[in-house]
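Before any comments, here is the structure.
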Amino acid sequence: LFKASHRISGNRLGAEAFLAAYLALETKRAQENPSHFDPLRLAYFESLPTYQELKAYHPVLQDRKLMHSILERSMAHSILQGYRNMILSEYEALTAASSEFQELVGREE
């Protein structure tokens with residue numbers, strides 16, 4: 001995964017993308033085989049919000065048309081769109097770099 005880079009710019013991913021990838025992989029592995037994880041780690045993974053929980057309140061995951069109608073042509077809308085594009089680019093880079101990541105982690109995980 002550490003060789004993953006953005007398709008358009010060729011820039012390497014930031015540390016936050018690797019943290020998110022690690023948490024997504026470990027959470028998925030823990031769901032599939034909880035006996036390989038200590039109870040504290042399992043409790044931590046269970047405390048993390050799911051995609052559906054985040055989608056209920058996080059602006060990046062809200063409906064594009066809804067956010068456009070609220071923010072219109074503001075700087076906030078531009079920043080929001082930039083974050084959406086970055087997250088999608090990071091996911092695409094990680095799946096291109098690792099078939100295991102692609103198999104285990106869906107876009108909404």
Side-chain angles (χ1 to χ4, degrees):
L1 287 179
F2 290 117
K3 294 186 179 189
S5 59
H6 293 279
R7 182 176 47 87
I8 294 174
S9 69
N11 293 338
R12 295 283 172 102
L13 305 186
E16 67 282 354
F18 292 111
L19 174 60
Y22 171 77
L23 289 173
L25 282 170
E26 287 294 280
T27 301
K28 191 69 161 189
R29 290 174 180 148
Q31 290 169 350
E32 292 177 353
N33 202 343
S35 64
H36 289 164
F37 292 85
D38 64 85
L40 183 59
R41 187 172 295 200
L42 291 172
Y44 173 70
F45 292 151
E46 287 184 21
S47 75
L48 296 173
T50 65
Y51 177 84
Q52 291 305 320
E53 290 168 339
L54 281 174
K55 189 175 180 180
Y57 66 85
H58 200 291
V60 170
L61 302 176
Q62 293 292 318
D63 179 70
R64 288 178 186 267
K65 290 180 182 177
L66 172 65
M67 296 312 312
H68 180 72
S69 69
I70 294 169
L71 301 173
E72 296 185 7
R73 296 181 186 260
S74 68
M75 181 62 78
H77 185 262
S78 296
I79 293 168
L80 176 67
Q81 198 57 40
Y83 276 111
R84 283 183 173 155
N85 293 340
M86 180 184 66
I87 291 168
L88 180 58
S89 179
E90 289 169 344
Y91 179 76
E92 289 173 352
L94 291 165
T95 57
S98 169
S99 58
E100 179 188 14
F101 186 84
Q102 186 175 21
E103 290 173 17
L104 289 176
V105 180
R107 275 181 67 177
E108 295 183 357
E109 292 183 278

(request) Report the relative orientation of the aromatic rings in F37 and F45; use parallel for angles under 30°, tilted for 30 to 60°, perpendicular for over 60°. (result) perpendicular
(message) Does L66 have more than 12 heavy atoms from other residues, nucleotides or ligands lying within 6.0 Å of its CG?
(response) yes
(request) For T27 and A24, indicate whether the former's side chain and the latter's backbone hold a donor-acceptor pair under 3.5 Å. (result) no
(request) Using modelled atom types only, decide if a donor and an acceptor are shared between the side chain of Y91 and the backbone of V105 within a distance under 3.5 Å. (result) yes
(message) Heavy-atom count check: over 12 atoms from other residues, nucleotides or ligands less than 6.0 Å from Y83 OH?
(response) no
(message) Within the 4.5 Å heavy-atom criterion, are E108 and Q52 side-chain neighbours or not?
(response) yes
(request) Report the distance from atom CG of L19 to atom CG of L13, rounding to the nearest 0.5 Å. (result) 12.5 Å
(message) Quick check against the 3.5 Å criterion: does Q62 have a side-chain atom that pairs as donor or acceptor with the backbone of K55?
(response) yes
(request) Drop me the distance from R12's CZ to K3's NZ, to the nearest 0.5 angstrom. (result) 7.5 Å
(request) Could you go through the side-chain contact (heavy atoms from CB on, under 4.5 Å) check for L25 and L1 one step at a time? (result) CA-CA 11 Å; L25 282 170; L1 287 179; 3.9 Å; yes
(request) Report yes or no: do L80 and M86 belong to one cluster of Ile/Leu/Val/Met/Phe/Trp/Tyr joined by side chain heavy-atom distances under 4.5 Å? (result) yes
(message) If we ignore hydrogens and angles and just use 3.5 Å, is the side chain of E53 paired with the main-chain N or O of T50 as donor and acceptor?
(response) yes
(request) Could you tell me whether the side chain of R29 reaches within less than 4.5 Å of the side chain of H36, counting heavy atoms only? (result) no
(message) Please verify the inter-ring angle class for H77 with H68; under 30° counts as parallel, over 60° as perpendicular, anything in between as tilted.
(response) perpendicular
(request) State, with a plain yes or no, whether a side-chain heavy atom of E109 is found less than 4.5 Å away from one of L104. (result) no
(message) Rounded to the nearest 0.5 Å, what separates atom CZ in F101 from atom CG in L94?
(response) 4.5 Å
(message) Return the CD1 to NZ distance between I70 and K65, rounded to the nearest 0.5 Å.
(response) 14.5 Å
(request) Would you mind reporting whether L88 and R107 have side-chain heavy atoms less than 4.5 Å apart? (result) yes
(message) Given S89, which partner from the list R84, H6, R7 fulfils the side-chain contact (heavy atoms from CB on, under 4.5 Å) test?
(response) H6
(request) Give a yes or no on whether a salt bridge exists between E100 and K28, defined as a side-chain N under 4.0 angstrom from a carboxylate O. (result) no
(request) Flag the pair E26 and R41 as a salt bridge only when some basic side-chain nitrogen lies within less than 4.0 angstrom of an acidic carboxylate oxygen. (result) yes
